[in-house]
Structures are given as structure tokens and as C-alpha cells.
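Read through the structure below, which is laid out as C-alpha cells, and then see the notes.
In this chain, residues are counted from 1 in sequence order. Every value quoted in this text rests on a predicted model; they were computed, and no experiment measured them.
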Amino acid sequence: MKPLLDVLVILDALDKEGSFAAAAAKLFKTPSALSYSVQKLESDLNIQILDRSGHRARFTRTGQFLLERGREILHSVRELEQQAIKLQQGWERELTIGVDNAFPFSLLTPLIEAFYESYSVTRLKFINDVLGGSWEALTEGRADITVGAMSEPPSLSGYGFKLLGSLDIVFVVAPHHPLAKAEEPLTRRLIQRSRAVVVGDTSRIEPARAMHLPEAQEAITVFDFKTKLELQISGLGCGYIPRYMAQRYIDSGALVKKQVAGQKPCVPVWLGWNEQTAGLASEWWREKIVADPHIAQVYKPVEK
């Protein structure tokens with residue numbers, strides 16, 4: 001196999017440089033050494049790679065086939081070499097990033113692009129959870145990093161945590177909803193008379209109650225904030241939505257923001273990771289997420 005790989009390198013250089021002399025200079029070998037390697041492979045395989053009948057050797061059909069397919073093989077071999085080196089350096093083979101449903105995933109797109117430009121050895125996998133499910137994915141080993149978790153981190157060793165800031169949430173209803181014209185601040189008793197739209201906690205162990213909603217309240221439970229937003233715009237229920245998702249609908253009049261008595265308008269949001277499995281890819285992602293100015297704009301600094 002190695003003689004074939006050596007000849008593939010020679011054929012690639014010969015095609016690009018145009019002559020044995022130029023190819024030899026590029027590969028730091030003599031023209032005779034290159035010519036011998038090609039001739040030996042021709043003899044071993046009983047094939048003709050080059051037509052030497054003219055002033056300058058030309059590729060035969062077989063030679064052209066080896067050149068084209070050989071370049072694919074050489075590219076794969078070089079990628080394999082780089083992957084082996086990076087894995088040895090501490091880059092993970094796969095990194096699973098859990099993203100809370102309230103986090104704007106589109107802000108990760110530039111980071112994904114930047115990551116793959118330099119570190120394609122690590123395969124990325126993204127999963128989606130809500131509330132307690134985000135931490136559960138981390139502690140159960142289904143995620144190596146969790147981004148945008150809205151509940152407090154678990155008190156377990158072996159995990160690292162970083163407060164990203166606080167997510168501004170607003171209580172909104174459609175303009176034709178009964179609460180739209182109600183006197184502010186809305187009381188919890190008044191809210192409890194209306195149907196709520198909530199996003200279900202994906203935690204399988206101890207699902208949390210929806211943010212700031214009374215226990216005994218009729219509710220529609222949905223699977224993500226986008227669907228919750230759509231139902232609230234339609235007037236089918238009320239509830240809290242992250243401000244960054246709701247603001248344009250508030251501005252357009254499709255939603256009405258209402259003040260709630262005793263409302264806590266901000267929810268702490270966290271970044272967490274498994275320190276026991278963290279490699280260089282995990283470190284890269286944590287640093288980029290914390291430093292990203294667009295992500296920082298979504299969250300308010302936490303008052304001390």
C-alpha cells in the first residue's frame with residue numbers, strides 16, 4: 001500500500017508541476033527516483049500509468065484514473081493524519097452540547113462555522129431540553145455541555161458552572177385576550193382564572209412547575225417556546241415569554257405586555273459542563289460562548 005501512496009503523491013505533483021524535474025524539486029527528490037517509483041508500480045501491477053512516446057510523458061486513461069481517485073485518497077489520508085494528531089492533543093472525537101429551549105440557537109451558528117473551519121476532528125451533536133431537563137442531560141451523561149439552563153445548577157462535584165446572566169421575561173397576552181385590558185398590576189388570583197400556555201419540563205426525574213404560574217390553573221402544555229408564543233398570539237392562553245422572543249410582537253401590537261404583582265422579571269441562566277470528560281473542544285466552546293457579544297446581549301448582567 002505504501003508504494004502506491006508514494007506514487008499517488010508523485011502523480012499529483014507531476015500533474016501540478018508539469019514535469020519530472022519540477023515535481024522532483026517540489027518533493028525534494030531526484031527526477032530519476034520519481035521515474036523509478038512510477039515504473040516499478042507499473043511493473044508490479046502490469047499497468048501503464050504514463051505514455052512516454054512523446055517529448056513529454058502524458059497520463060494514460062489508467063494514469064488519469066489513478067490521479068483523480070488518488071487525490072481523493074490523499075485528501076482522506078491527510079485528514080486522517082490531522083485527526084489523529086488532534087485527538088492525541090486532547091480534542092474530543094464527539095462533543096454533545098445541550099441547548100435549553102429558551103436559548104436562541106441561531107446565535108450558535110457562527111460558532112459552529114468557526115469551529116469546523118479549524119477543528120473538524122470533533123463531531124458536534126446538539127440536543128434540546130427545557131428547565132430541569134437541561135441539567136439532567138448533563139448529569140446523566142447525555143450532554144457534555146449545557147447552554148442556557150434556567151434553573152439552579154445541581155450541587156454535584158465534577159461539574160463546572162458559569163452564570164451567563166439573567167434572562168428578561170415578560171407576561172404577554174393577545175390584544176383580544178380578557179387580560180389585555182385588565183388593570184395593572186395583574187394579581188395572581190386574576191391570572192389563575194385564565195388558561196396558561198406552558199412549556200413542559202423535559203426532566204424525567206423531577207419536572208419543575210412552569211415559571212411563576214399558580215399551581216391550580218388550567219394550562220396547555222407544549223414542547224417549545226416557539227409553539228407557546230404562537231398560541232399566546234392566537235389568544236388561546238397567557239404566560240411568560242423571554243423578552244428577546246416577544247419584543248417584536250409587542251412592538252407590532254400582536255402581543256400586549258402586562259405587569260404582574262410580585263413578578264420577578266429576570267431568570268438566572270447558566271452554562272454548565274462535565275469537568276471529568278472535558279477536553280479541548282469543550283474548553284473552546286465554553287470560552288466562545290462566554291465571550292460572544294451577541295449572546296451577552298440576550299442576557300442582563302446579574303446584580304450583586
Side-chain angles (χ1 to χ4, degrees), residues 79 82-83 86-87 90-154 156 158-167 169 198-205 207-208 211 221-230 241-242 244-245 267-299:
E79 277 196 336
Q82 290 302 312
Q83 289 175 355
K86 290 195 176 297
L87 288 172
W91 292 90
E92 298 91 325
R93 186 71 186 90
E94 181 175 275
L95 184 73
T96 302
I97 302 175
V99 183
D100 191 274
N101 187 252
F103 183 90
F105 186 88
S106 60
L107 296 184
L108 296 181
T109 303
L111 299 184
I112 296 172
E113 183 177 1
F115 183 80
Y116 273 125
E117 283 180 357
S118 302
Y119 307 111
S120 59
V121 62
T122 302
R123 183 177 302 162
L124 297 178
K125 178 181 178 182
F126 293 91
I127 62 174
N128 187 249
D129 281 287
V130 182
L131 297 173
S134 294
W135 290 126
E136 196 172 281
L138 183 68
T139 57
E140 289 186 348
R142 292 185 288 112
D144 301 299
I145 301 175
T146 186
V147 184
M150 291 193 292
S151 54
E152 289 295 314
L156 297 172
Y159 298 92
F161 310 106
K162 174 71 176 180
L163 187 61
L164 292 177
S166 59
L167 183 65
I169 59 171
V198 301
V199 180
D201 190 334
T202 54
S203 173
R204 295 173 296 175
I205 299 174
M211 291 186 299
T221 301
V222 295
F223 46 84
D224 63 14
F225 276 96
K226 179 182 177 182
T227 306
K228 172 177 165 65
L229 181 64
E230 291 175 355
I241 297 283
Y244 82 87
M245 296 178 66
V267 179
V269 175
W270 297 82
L271 170 70
W273 61 94
N274 188 334
E275 293 182 327
Q276 301 170 76
T277 61
L280 295 178
S282 174
E283 181 181 350
W284 187 96
W285 274 94
R286 296 189 324 256
E287 290 178 354
K288 295 298 182 182
I289 289 171
V290 170
D292 190 279
H294 301 291
I295 293 176
Q297 288 177 3
V298 175
Y299 304 111

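- Summarising the geometry of Thr122 relative to Tyr116, their closest heavy-atom pair is O-CE2, 3.6 Å, with the distance given to 0.1 Å.
- Between the CG atom in Asn274 and the CD atom in Glu140 there is a gap of 12.5 Å [rounded to 0.5 Å].
- Considering only heavy atoms from C-beta on, Phe223 stays 4.5 Å or farther from Val199 through its side chain.
- Heavy atoms only, all atoms of each residue included: Val147 and Leu164 are closest at CG1-CD1, 4.5 Å.
- The shortest non-hydrogen separation linking Met245 to Ile241 is CB-CG2, 3.9 Å.
- Here the side chain of Tyr244 pairs no donor or acceptor atom with the backbone of Gln297 at under 3.5 angstrom.
- Among all heavy-atom pairs drawn from Tyr299 and Ile295, the shortest one is CD1-O, 3.5 Å.
- For the atom pair Glu113 CD and Ser118 OG, the distance stands at 11.0 Å (nearest 0.5 Å).
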**Request:** Evaluate side chain to side chain contact (heavy atoms under 4.5 Å, CB included) for Asp129 paired with Glu136, printing each intermediate quantity in order.
**Result:** CA-CA 9 Å; Asp129 281 287; Glu136 196 172 281; over 6 Å; no
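- Taking 4.5 Å as the limit, every side-chain heavy atom of Lys162 sits out of range of all side-chain heavy atoms of Ile289.
- With hydrogens and angles disregarded, a donor-acceptor distance shorter than 3.5 Å links the side chain of Asp201 to the backbone of Gly133.
- For the pair Glu92/Asp144, no side-chain contact is recorded, criterion being any heavy-atom separation below 4.5 Å from C-beta on.
- Here the closest non-hydrogen pair linking Trp270 and Ser151 is CD1-O, 3.6 Å.
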Under 3.5 Å, which donor-acceptor pairs link side chains of residues 94-105 to any protein atom two or more places apart or in another chain?
residue	atom	partner	partner atom	Å
Asp100	OD1	Ala102	N	3.0
Asp100	OD2	Leu131	N	3.1
Asp100	OD2	Ser134	OG	2.8
Asn101	OD1	Phe225	N	2.6
Asn101	ND2	Asn128	OD1	3.4

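- Here the side chains of Arg142 and Ile127 are in contact, with some heavy-atom distance below 4.5 Å.
- Side chain of Thr146 to main chain of Trp135: no donor-acceptor pair is present (N/O by atom type, distance under 3.5 Å, no hydrogens or angles).
- Once rounded to the nearest 0.5 Å, the distance linking CG of Leu111 with OG1 of Thr109 reads 8.5 Å.
- Residue Leu138 comes nearest to Gly272 through the heavy atom pair CD2-C, 3.9 Å, listed as atom of the first residue, atom of the second, then distance.
- For the atom pair NZ of Lys228 and OG1 of Thr221, the computed distance is 9.5 Å after rounding to the nearest 0.5 Å.
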Ignoring hydrogens and angles, write down the donor-acceptor pairs under 3.5 Å from the side chains of residues 279-287, residues two or more places apart or on other chains.
residue	atom	partner	partner atom	Å
Ser282	OG	Arg286	NH1	2.8

